[in-house]
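Whatever order the structure lists them in is the order used to number ligands and atoms, beginning at 1. Values in this document were obtained by computation on a predicted structure and should not be read as measured data.
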Amino acid sequence: MILSDKYKLLRKNFRNFAETEFTTEIQEQLDREGGFNWDLHYKMAKYGFMGIKLPVEYGGQGGDTLAYVLMVEEFARVCPVLSIYANTPNSLGSGPLLTCGTPEQKKKYIPPLASGEKKIVFALTEPGAGSDAGGTLTRAVKDGEYYVLSGRKCFISGAPLADYAVIYAKTNPALKGNKGISMFIVDMKLPGVSLGKPELKMGINGYPTSDIILENVRVHESDLLGPLDKGFSTALKTLDGGRLGVAAQSLGIAQCCLEESIRYAKERKQFGRPIAKFQAISFMIADMATEIEAAREMIYSTALAKDAGEKDAPMKCSMCKLFASEMANRVAYKAVQIHGGYGYMRDYKVERMYRDARITTIYEGTSQVQQMVIAGNLLK
Ligand SMILES: Cc1cc2nc3c(=O)[nH]c(=O)nc-3n(C[C@H](O)[C@H](O)[C@H](O)COP(=O)(O)OP(=O)(O)OC[C@H]3O[C@@H](n4cnc5c(N)ncnc54)[C@H](O)[C@@H]3O)c2cc1C
């Protein structure tokens, strides 16, 4: 897609920010030690990135989905985990509130997200309910003006940093599967809320992931989000946008792998010539670039389709996530191959990109779940 000057400028600004601020030192420290870089979080917030796609009336920048995917792509090209910092408040964090929050809830919870002051996490997955999110066992039982929540959520991105969590809980066990589930905004400081230990992950280190445990947590009915028993459809709507974000993240990872591979293949000499001169290597690079371009076109046009409210946009978001995440893994694999033994060493960026790429086919719906969504749409 030929980007207009406005988007070209935006892309340039995102790239400049990432290349200047996401220093190699910061990236390596996050990967080695995990944790979270609050300085960068606040800096991204100062530049408005936390609210790039959030409405101006709630303190956001009012950007569109194309601006958002360009941001995630450019940030992930330099550092995939740091792209998550700015991605989450624009996607899974704000999604349920924007989709069905009351005006009071929106006014209370969205502006501090856009300003980076507060963090809300999206807590759907449970130990026994991953792809089958309808199998949620967390319960919410009405008691006067309160709902009493008990259960355990797992693998929640950003849980150790969170001020609030959007928790999905069964409110009507008589309704089976994904019916009878409701959403609640839970203040993480409420009595009965605790965290599991941060998970030790293969990649995207520097954005902590942990369980959220709820033991008789009393949530006021004003923090019920959206209609009672209908939380699952909001989850699906929120995930559409999130999936496009993961697709953009995958695209950025793949782009980095391509650039590193081109540079390395031109420099590295074997048999008296740069390895780029061997057709086996140059064809790998040609394939990588072609797949990346296909994903980019698909993602940008889906961003436009989403904003235009096209009927098949949700399915296209799944297609983008499926294709781009699998593509990023193929590309990262080839990038390590082109780097030979050096690609297996931590000193080379493709080693971390290879590990970071791996999550993209798993979170926000595995590739198999995307195939189920796409097939379900086509075969109705
Ligand atoms: C780092 C990380 C961060 C995460 N962040 C969050 C978060 O912030 N919030 C949140 O709610 N969740 C989060 N998740 C959870 C993530 O969304 C789930 O891990 C994912 O949906 C898969 O669920 P599962 O791990 O239980 O795997 P399972 O559902 O057990 O799947 C195992 C395998 O079986 C396949 N499978 C399952 N059902 C079918 C089927 N019907 N047909 C074909 N294949 C099938 C899957 O595709 C997969 O290959 C995160 C996970 C990770 C690893």
Subject >> Contact check: Thr366 vs ligand 1, nitrogen or oxygen atoms, below 3.5 angstrom >> reply: yes

Original post:
Right, does atom 35 (C) of ligand 1 have protein non-hydrogen atoms nearer than 4.0 Å?
Top reply: no

**OP:** Report the part of Asp132 in contact with ligand 1, treating N, CA, C, O as backbone and CB onward as side chain, heavy atoms under 4.0 Å; options are side chain, backbone, both, neither.
**Re:** neither

Original post:
Can a donor-acceptor pair be found between the side chains of Tyr300 and Glu73 at a distance below 3.5 Å?
Top reply: yes

Subject >> Any side-chain donor near an acceptor of the partner, Asp223 and Tyr109, under 3.5 Å >> reply: yes

Original post:
Is it true that Lys12 and Glu74 make a salt bridge, defined as a side-chain N closer than 4.0 Å to a carboxylate O?
Top reply: no

Original post:
Going by heavy atoms, is Ile359 under 4.0 Å from ligand 1?
Top reply: yes

Subject >> Close approach, Ile362 and ligand 1, non-hydrogen under 4.0 angstrom >> reply: yes

Original post:
Just heavy atoms, cut-off under 4.0 Å: does Leu124 contact ligand 1 by side chain, backbone, both, or neither?
Top reply: both

Original post:
Which is closest to atom 29 (O) of ligand 1 by heavy-atom distance: Gly130, Gly242, Ser131?
Top reply: Ser131

**OP:** Around atom 16 (C) of ligand 1, find the nearest protein heavy atom and jot down its residue, atom name and distance.
**Re:** Thr125 OG1, 3.9 Å

Subject >> ligand 1-proximal atoms of Met372, by part, heavy-atom distance under 4.0 Å >> reply: side chain

Subject >> Closest to atom 14 (N) of ligand 1 (judged by heavy-atom distance), picking from Phe155, Tyr168, Tyr207 >> reply: Phe155

Original post:
Would you call Asn329 and Arg358 a side-chain contact if the rule is heavy atoms closer than 4.5 Å?
Top reply: yes

Original post:
Is there a protein heavy atom at a distance of less than 4.0 Å from atom 32 (C) of ligand 1?
Top reply: no

Original post:
Between Arg330 and Glu291, is the closest basic N to carboxylate O distance under 4.0 Å?
Top reply: yes

